[in-house]
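Nothing fancy with the numbering, it's 1 onward along the sequence. Just so you know, these numbers come straight off a predicted model, no measurement behind them. Ligands are counted one by one from 1 in listed order, and the atoms in each one are counted from 1 as well.
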Amino acid sequence: MAALKVLFVFLLTVAAAHSQSFHLGSCPKPSTQKDFSVAKYMGTWYEIEKLPAAFERGKCVQATYTLLENGTVNVHNQDLLSNGKISSIEGVAKVKDPSQPAILAVSFFKGVSDAPYWVLSTDYQSYSLVYSCSDVLGIFHIDFAWILARTRVLTEDIIGQLHDQLAAAGVDVNRLTVTNQTGCDVTTQ
Ligand SMILES: *[C@@H]1O[C@H](CO)[C@@H](O)[C@H](O)[C@H]1NC(C)=O
Ligand SMILES: *[C@@H]1O[C@H](CO)[C@@H](O)[C@H](O)[C@H]1NC(C)=O
């Protein structure tokens with residue numbers, strides 16, 4: 001029990017240090033996009049806002065999804081570092097339960113457990129709202145959220161609606177940070 005307490009404090013400290021979003025209790029289960037089509041979701045998405053994630057530091061953050069023949073999705077994330085270099089990482093995403101097509105699991109490293117990727121809502125052509133939450137020891141949960149768009153800007157109107165949806169899912173929208181998507185020509189293909 002003492003060891004568990006130490007671990008708990010350690011995890012809280014780590015989570016706080018990385019300014020991730022952690023809360024007591026287990027993950028909320030927000031509703032996801034109805035009749036989600038992975039095929040229509042493929043292509044490039046630009047990150048407009050996100051819940052702080054320590055592992056993404058650059059600007060001009062974008063993700064390109066490609067559907068492979070075996071039904072898995074290739075994930076290619078890119079961002080522009082402050083030194084002008086493009087950093088990129090490849091991963092794999094897949095739908096684990098066909099009855100819940102808007103719930104994907106993404107993994108970037110072999111041997112590391114995959115992360116949930118819940119598409120809460122998307123119109124496929126302009127915006128997508130993504131939520132990711134992981135339970136830790138059944139004591140607390142850490143969550144992430146992203147507002148993505150097909151272009152580097154999204155109207156305030158849509159952003160406002162997506163904030164409302166996130167708030168309904170229990171996410172503190174004041175913690176969202178805006179991703180810099182200006183001066184990104186270098187990452188445009
Ligand atoms: C799907 O296909 C890709 C590309 O050919 C391959 O790398 C991956 O291992 C395959 N995944 C599964 C689950 O078959
Ligand atoms: C975004 O990046 C551009 C180009 O590097 C820079 O000029 C601008 O100040 C940045 N904006 C913010 C809000 O940091």
Per-atom contact, atom 9 (O) of ligand 1, protein heavy atoms, under 4.0 angstrom: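 Within 4.0 Å: no protein heavy atom nearby.
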Protein contact for atom 5 (O) of ligand 1 (heavy atom, distance under 4.0 Å):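 No, there is none.
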Give me the nearest non-hydrogen protein atom to [atom] as residue plus atom name, then the distance to 0.1 Å.
{"atom": "atom 14 (O) of ligand 2", "value": "Asn180 ND2, 3.4 Å"}
{"atom": "atom 1 (C) of ligand 1", "value": "Asn70 ND2, 1.4 Å"}
{"atom": "atom 13 (C) of ligand 1", "value": "Thr72 CG2, 4.1 Å"}

Basic-acidic side-chain contact under 4.0 Å: Lys94, Asp114: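 So Lys94 does not pair with Asp114 through a salt bridge.
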Atoms of ligand 2, numbered as shown, that sit under 4.0 Å from any heavy atom of Thr182: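 Going through ligand 2 atom by atom, the ones under 4.0 Å from Thr182 are 1 (C), 2 (O), 3 (C), 4 (C).
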Pair Tyr41-Thr122, side-chain donor/acceptor within less than 3.5 Å: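 No - no donor-acceptor pair under 3.5 Å links their side chains.
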Numbered atoms and elements of ligand 1 in range of Leu68, under 4.0 angstrom, heavy atoms: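 Near Leu68, the atoms of ligand 1 are 3 (C), 4 (C).
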Min side-chain heavy-atom separation Ile147-His163 under 4.5 Å: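 Yes; the side chains approach each other to less than 4.5 Å.
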Distance in Å, Ile48 CD1 paired with Leu154 CG, rounded so as to fall on 0.5 Å steps: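 The CD1 atom of Ile48 sits 5.5 Å away from the CG atom of Leu154.
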Value rounded to 0.5 Å, distance of OG in Ser121 from NZ in Lys34: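 The OG atom of Ser121 sits 13.5 Å away from the NZ atom of Lys34.
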More than 12 heavy atoms from other groups under 6.0 Å of NZ on Lys96: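 Counting neighbours around NZ of Lys96, 12 or fewer heavy atoms of other residues, nucleotides or ligands fall under 6.0 Å, so no.
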